[in-house]
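Comments concern the structure below.
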Amino acid sequence: MFGSLKSTMVAPERALAGRSQPIFTVPPTHAVLGTPLQGPWPEGTAVLYLGLGCFWGAEKELWQLPGVVTTAAGYMGGFTPYPTYEETCTGQTGHTETVLVAYDPSVLTHTDLLRHFWESHDPTQGFRQGNDVGTQYRSAVFTTTPEQAEVARATLAAFQSSLSERGFGTITTEVRTAEEAGPFYYAEEYHQQYLLKNPNGYCPVHSTGVACPTPA
């Protein structure tokens, strides 16, 4: 039924209407880190929103990094307010599965976080990651500071050079500010830290095996 939306971004006027408020609650704390899922976080905490395919495996990759304060699974970059997982999977919300990463940049630099992002998936695949096909699996970086935006562009260029040398195509990652992308909508409780609760769950990591150089 939704096959035509697998490779085509839904137009805003055709997106699902959504709702004016969430219809489910968000857990107060991170099940692994024990930190607030929605804040407040320590002074100086930075926030970056990353889309790298199915958010179950992506979130686990990110919560293990030193300096990460908290992570959360959610939906971002589309048009439908307060979507559900089922709605997002239709391709009719315009959102991509996204991980909120709150981190201490004095421990985990913007550069190191973004290098890990690039190395943890294949950003050349467009509206898919491996067998996961659809606009909700597109690669994305939604920044909250000018410094993050600058590093995102620099690491993208550096990684593109390395990918091209290895025969990969052009990076298709959507890079824009969080303000441009729109609100981050937290996913349902069962998606949060999913692979802690389901250790044998679906956990694809579509790394290219190519290292991302540190930009000059």
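Model, not experiment: these values are computed from the prediction. No hydrogens, no waters, no symmetry mates; every other heavy atom, side chains included, goes into these values.
Proximity of Asp132 to Tyr202: side-chain heavy atoms (C-beta onward) are separated by under 4.5 Å at one or more points. The closest side-chain heavy-atom distance from His121 to Glu61 is not below 4.5 Å. No side-chain heavy atom of Ile23 sits under 4.5 Å from any side-chain heavy atom of Tyr82. Looking at heavy atoms from C-beta onward, Ser162 lies in side-chain contact with Pro213 at the 4.5 angstrom threshold.
Separating the CD atom in Gln129 from the CD atom in Gln136 is a distance of 12.0 Å, to the nearest 0.5 Å. Interatomic distance, OG1 of Thr170 versus CG of Leu163, reported as 9.5 Å (0.5 Å rounding). How far CZ of Phe142 is from CD of Glu174: 4.0 Å, rounded to the nearest 0.5 Å. Interatomic distance, CG of Asn131 versus OH of Tyr137, reported as 10.5 Å (0.5 Å rounding). Rounding to the nearest 0.5 angstrom, the gap separating the CG atom in Leu156 from the CG atom in Leu114 is 9.5 Å. Rounding to the nearest 0.5 angstrom, the gap separating the NE2 atom in His206 from the SG atom in Cys54 is 8.0 Å.
A continuous path of ILVMFWY side-chain contacts below 4.5 Å connects Leu65 to Val141, so both sit in one hydrophobic cluster. A continuous path of ILVMFWY side-chain contacts below 4.5 Å connects Leu33 to Leu195, so both sit in one hydrophobic cluster. When hydrophobic clusters are built by joining Ile, Leu, Val, Met, Phe, Trp and Tyr residues whose side-chain heavy atoms come closer than 4.5 Å, directly or via intermediates, Phe184 is not grouped with Val101. Val205 is not connected to Leu52 by any chain of hydrophobic side-chain contacts under 4.5 Å among Ile, Leu, Val, Met, Phe, Trp and Tyr, and they are in different clusters. The hydrophobic clustering, which links ILVMFWY residues whose side-chain heavy atoms are closer than 4.5 Å, places Trp63 and Phe117 together.
Contact between Ala15 and Phe79 at its shortest, heavy atoms only, is CB-CB, 3.8 Å. Counting all heavy atoms, side chain and backbone alike, His95 lies closest to Thr88 at O-CG2, 4.2 Å. In terms of heavy atoms, His191 sits closest to Trp56 at ND1-NE1, 2.9 Å. Pairing each heavy atom of Thr143 with each of Ala152, the nearest pair is CG2-CB, 4.4 Å. Residues Pro40 and Pro36 come closest through the heavy atom pair O-CG, 3.7 Å. Considering all non-hydrogen atoms of both residues, Thr8 and Thr135 come closest at O-CG2, 3.6 Å.
Remark: the backbone N or O of Val47 is paired with a side-chain donor or acceptor of Gln148 at under 3.5 angstrom. One N or O on the side chain of Thr172 and one on the backbone of Pro123 form a donor-acceptor pair closer than 3.5 Å. A distance-only check finds no donor-acceptor pair linking the side chain of Arg153 to the backbone of Val175 [under 3.5 Å]. In this structure, the side chain of Glu59 does not engage the main chain of Phe55 through any donor-acceptor pair within 3.5 Å. When atom types are taken as modelled, the side chain of Thr109 and the backbone of Pro105 share no donor-acceptor pair closer than 3.5 angstrom. Without hydrogens or angle criteria, Thr35 side chain to Val69 main chain gives a donor-acceptor distance under 3.5 Å. A distance-only check finds a donor-acceptor pair linking the side chain of Tyr186 to the backbone of Leu37 [under 3.5 Å]. In this structure a side-chain-to-backbone donor-acceptor pair under 3.5 Å is missing from Thr96 to Thr98. The backbone N or O of Pro28 sits nowhere less than 3.5 Å from a side-chain atom of Gln38 that would complete a donor-acceptor pair. Distance alone, capped at 3.5 Å, places no donor-acceptor pair between the Glu87 side chain and the Gln92 backbone.
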- Task: Before giving the answer on side chain to side chain contact (heavy atoms under 4.5 Å, CB included), spell out for Arg115 and Phe159 the whole-Å C-alpha distance, their side-chain angles and the decisive distance to 0.1 Å.
- Result: CA-CA 8 Å; Arg115 288 180 63 236; Phe159 196 45; over 6 Å; no
- Give the intermediate values and the outcome of ring pair (Phe, Tyr, Trp, His ring centres under 6.0 Å) for residues Tyr103 and His110. CA-CA 9 Å; Tyr103 61 102; His110 306 318; 5.8 Å; yes
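A donor atom on one side chain and an acceptor atom on the other are found under 3.5 Å apart for Gln160 and Ser164. If you check the side chains of Thr80 and Thr93, you find no donor sitting under 3.5 Å from an acceptor. No hydrogens or angles considered: a donor-acceptor pair under 3.5 Å links the side chains of Thr155 and Trp118.
No more than 12 heavy-atom neighbours from other residues, nucleotides or ligands sit within 6.0 angstrom of CD on Glu150. Within 6.0 Å of CD on Glu43 lie no more than 12 heavy atoms contributed by other residues, nucleotides or ligands.
Between Tyr75 and Tyr185, the distance separating the two ring centers is not shorter than 6.0 angstrom.
The only member of Asp104, Leu113, Leu108, Leu62 that meets side chain to side chain contact (heavy atoms under 4.5 Å, CB included) when paired with Val68 is Leu108.
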